[in-house]
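Working notes, structure below.
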Amino acid sequence: MDALESLLEICYQDDYIVAINKPSGMLCHRSSIDPNEQVNAMHTLRDQIGKYVYPVHRLDKPTSGVLLFALNNEIARKLTETFTEREVEKNYLAIARGFTLDNDKIDYPLKKMVDKKDKHKAKANVTQDAITSYTCIKKAEIPISSGKFNTSRYSLVSVQPHTGRQRQIRRHFKHIFHPIVGDTAHGDGKHNQIFREHFNCYRLLLHAQSLTLNHPVSNAKMVIEAGLDDTFKRILNEVFRE
């Protein structure tokens, strides 16, 4: 069964919140970005657990990982405020082209992304602060040419976005010339092709591994984690020998 047609993996659930491991390729909710897409996480989860769910943050369609929902409007308000106030620690795993620095902080403002159909296109000129930190976990060089050299280099990185701008990680890694593998909007087509042809990988290699936050009712610190899918795990084994 296709991952987008099967039951969603629930990472955590109680009377107030529910978190899933969103598959790569699934929208968080209905969006004008992809108006013809009928499947989305919010409605799928609602039908699966038999309760209405309220989104409190989002992941890009091609990004997998922890996606958190509230189970009532008041909890949704509290959690949205928690994300807005940057009181949530977000940790991602990504594979980037080239050898990155061992660690770095990317402090580079990003222009607000606006739907092409938006009548208020002037919003696109608004620049927002955006900060992302990362640490390189492992580097790999494979004997496959991307055109200029006989080999291709990649970095496995742990990423922490400190702000929540749209496509922030993807745009920031493009800015430092280490685009995320599999990114068809901000990535490198030659390297994406290598992963399609040699590793049968057609997804964006960006995964939201964990959220760390205080529970909206008990205020207890909690860490919600989501495991990698089979494709991502296979890539780690084949490229990085993990």
Side-chain angles (χ1 to χ4, degrees), residues 3 21-25 59-66 88-110 130-212 223-242:
N21 188 354
K22 186 187 83 67
S24 174
L59 294 175
D60 295 337
K61 181 178 179 180
T63 304
S64 59
V66 180
V88 179
E89 296 176 20
K90 296 172 281 188
N91 189 68
Y92 290 71
L93 192 70
I95 296 177
R97 181 198 72 184
F99 285 174
T100 67
L101 297 176
D102 289 341
N103 55 75
D104 194 15
K105 177 180 284 189
I106 307 166
D107 187 347
Y108 179 72
L110 297 170
I131 302 173
T132 304
S133 297
Y134 73 85
T135 300
C136 182
I137 300 172
K138 200 167 187 179
K139 299 175 182 178
E141 187 167 5
I142 62 175
I144 301 173
S145 174
S146 59
K148 189 175 181 180
F149 302 103
N150 293 328
T151 60
S152 296
R153 294 178 170 182
Y154 302 99
S155 296
L156 177 64
V157 290
S158 174
V159 188
Q160 298 76 40
H162 303 293
T163 49
R165 309 309 177 198
Q166 190 171 359
R167 299 185 185 177
Q168 177 175 313
I169 295 174
R170 297 161 64 185
R171 295 164 74 190
H172 266 173
F173 272 78
K174 177 184 179 182
H175 172 69
I176 64 170
F177 304 104
H178 293 292
I180 306 300
V181 175
D183 192 339
T184 57
H186 309 283
D188 186 312
K190 292 180 180 179
H191 290 267
N192 294 346
Q193 185 174 358
I194 286 175
F195 274 70
R196 286 193 295 267
E197 294 182 353
H198 295 271
F199 300 105
N200 193 32
C201 178
Y202 292 82
R203 61 156 295 177
L204 172 70
L205 291 172
L206 177 63
H207 177 75
Q209 278 192 305
S210 66
L211 290 178
T212 302
V223 180
I224 304 174
E225 299 178 309
L228 299 172
D229 66 17
D230 291 341
T231 297
F232 211 129
K233 287 189 287 189
R234 178 171 53 78
I235 295 300
L236 291 183
N237 182 57
E238 295 181 4
V239 177
F240 294 92
R241 305 302 176 188
E242 286 281 306

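A quick note: this is a predicted structure, and the numbers were derived from the prediction, not measured. For reference, positions follow the sequence shown, starting with 1.
Residues L93 and L228 form a side-chain contact, since some pair of their non-hydrogen atoms from C-beta on lies under 4.5 Å apart. V66 places none of its side-chain heavy atoms less than 4.5 Å from the side chain of N21. Under the 4.5 Å side-chain criterion, counting only non-hydrogen atoms from C-beta, E225 is in contact with V223. P109 is not listed as a side-chain neighbour of R165, based on a closest heavy-atom distance of 4.5 Å or more.
Here Y108 and H175 bring their ring centres to under 6.0 angstrom of each other.
With sequence neighbours excluded, the residues that form a salt bridge (Lys or Arg N to Asp or Glu O under 4.0 Å) with E141 are R153. Applying the ring pair (Phe, Tyr, Trp, His ring centres under 6.0 Å) test to F177 and every residue at least two apart in sequence or in another chain returns nothing. With sequence neighbours left out, E238 forms a salt bridge (Lys or Arg N to Asp or Glu O under 4.0 Å) with R234. Every residue was checked against the salt bridge (Lys or Arg N to Asp or Glu O under 4.0 Å) condition with K105, not counting sequence neighbours, and none meets it. Residues that satisfy the side chain to side chain donor-acceptor pair (under 3.5 Å) test with H186, not counting sequence neighbours, are R167. Residues that satisfy the salt bridge (Lys or Arg N to Asp or Glu O under 4.0 Å) test with D102, not counting sequence neighbours, are K139. Every side chain to side chain contact (heavy atoms under 4.5 Å, CB included) that D104 has, sequence neighbours left out, goes to L101, Y134. For T163, the side chain to side chain donor-acceptor pair (under 3.5 Å) partners two or more places apart in sequence, or in a different chain, are Q168.
Across every non-hydrogen atom of G65 and L59, the tightest pair is O-CD1, 3.7 Å.
Between the side chain of S24 and the main chain of P62, a donor-acceptor pair closer than 3.5 Å is present. Between the side chain of S155 and the backbone N or O of G98, at least one donor-acceptor pair lies under 3.5 Å.
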Got a list of side-chain donor-acceptor pairs under 3.5 Å for residues 190-207, not counting sequence neighbours?
residue: H191; atom: ND1; partner: Y154; partner atom: OH; Å: 2.7
residue: N192; atom: OD1; partner: G182; partner atom: N; Å: 2.7
residue: N192; atom: ND2; partner: D183; partner atom: O; Å: 3.1
residue: Q193; atom: NE2; partner: E197; partner atom: OE2; Å: 2.7
residue: R203; atom: NH1; partner: S64; partner atom: OG; Å: 3.3
residue: R203; atom: NH1; partner: D229; partner atom: OD1; Å: 3.4
residue: R203; atom: NH1; partner: D229; partner atom: OD2; Å: 2.7
residue: R203; atom: NH2; partner: S64; partner atom: OG; Å: 2.8
residue: R203; atom: NH2; partner: L206; partner atom: O; Å: 3.1
residue: H207; atom: ND1; partner: S64; partner atom: OG; Å: 2.7
residue: H207; atom: NE2; partner: A226; partner atom: O; Å: 2.9
residue: H207; atom: NE2; partner: G227; partner atom: O; Å: 3.3

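Looking only at atom types and distance, the side chain of H162 has no donor-acceptor partner in the side chain of T132 under 3.5 Å away.
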Could you walk me through whether L156 and L236 satisfy the side chain to side chain contact (heavy atoms under 4.5 Å, CB included) test, starting with their C-alpha distance in whole Å, then the side-chain angles of each, then the deciding distance to 0.1 Å, before giving a yes or no? CA-CA 8 Å; L156 177 64; L236 291 183; 3.6 Å; yes
For the pair T135 and V157, evaluate side chain to side chain contact (heavy atoms under 4.5 Å, CB included) and give the outcome as yes or no after the intermediate values. CA-CA 6 Å; T135 300; V157 290; over 6 Å; no
Quick one, I176 with I106, criterion side chain to side chain contact (heavy atoms under 4.5 Å, CB included). Give me CA distance, side-chain angles, the key distance, then yes/no. CA-CA 8 Å; I176 64 170; I106 307 166; 3.8 Å; yes
For I180 and I95: C-alpha separation, side-chain torsions, deciding distance, then whether side chain to side chain contact (heavy atoms under 4.5 Å, CB included) applies. CA-CA 6 Å; I180 306 300; I95 296 177; 5.9 Å; no
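Other residues, nucleotides and ligands contribute more than 12 heavy atoms inside 6.0 Å of the CG atom of N237.
Identified under the side chain to side chain donor-acceptor pair (under 3.5 Å) test for residues 90-100, with sequence neighbours left out: N91-S158, N91-Q160, N91-Q209, R97-D188.
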